[in-house]
Amino acid sequence: MKKKLGSILVKLLLVLLGAFAATFTIYMFNLENKLIYYVIRPFLNKHYDSQKRDRRIV
């Protein structure tokens, strides 16, 4: 029973360590902002630029 519980705890620790390493890498390389700048922003620009305008900006 203790051996099985220890095995589960070791696996849980490894998963948590991997999750921490992944989030740390995302933070250190600023990957969330790069995703927004290179993927999401062009998609939104294309979407909003294709909409028909009902008012003109003077």
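Just so it is clear, the values below take in all heavy atoms, side chains as well, and ignore hydrogens, waters and symmetry mates. Here the structure is a predicted model, which means the values were calculated and not measured.
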A.B. asks: Only counting residues at least two apart or in another chain, list the ones meeting side chain to side chain contact (heavy atoms under 4.5 Å, CB included) with N30.
C.D. replies: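 By the side chain to side chain contact (heavy atoms under 4.5 Å, CB included) rule, N30 matches E32, N33.
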A.B. asks: Look up atom NZ in K52 and atom CG in D54, then write down how far apart they are to the nearest 0.5 Å.
C.D. replies: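 It is 9.0 Å, given to the nearest 0.5 Å.
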A.B. asks: More than 12 heavy atoms of other residues, nucleotides or ligands under 6.0 Å from CZ of R53: is that the case?
C.D. replies: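 Result for CZ/R53: enclosed.
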A.B. asks: Would you mind writing out the side-chain donor-acceptor pairs for residues 14-29 within the sub-3.5 Å range, not counting sequence neighbours?
C.D. replies:
unit_1: T23; atom_1: OG1; unit_2: A19; atom_2: O; d: 3.1
unit_1: T23; atom_1: OG1; unit_2: F20; atom_2: O; d: 3.0
unit_1: T25; atom_1: OG1; unit_2: A21; atom_2: O; d: 2.8

A.B. asks: Please check if F43 and I40 belong to a single hydrophobic cluster, counting links between Ile, Leu, Val, Met, Phe, Trp and Tyr side chain heavy atoms closer than 4.5 Å.
C.D. replies: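 Hydrophobic grouping puts F43 with I40.
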A.B. asks: Can you name the side chain to side chain donor-acceptor pair (under 3.5 Å) partners of D49, sequence neighbours left out?
C.D. replies: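 So D49 forms no side chain to side chain donor-acceptor pair (under 3.5 Å) with any residue.
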A.B. asks: L5: which other cluster members, linking ILVMFWY side chains closer than 4.5 Å, directly or transitively?
C.D. replies: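 Hydrophobic cluster check, L5: joined to L9.
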A.B. asks: Are I36 and L44 in one and the same hydrophobic cluster, where Ile, Leu, Val, Met, Phe, Trp and Tyr link if side-chain heavy atoms are under 4.5 Å apart?
C.D. replies: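 Yes, because I36 and L44 connect within a single hydrophobic cluster, where side-chain heavy atoms sit under 4.5 Å apart.
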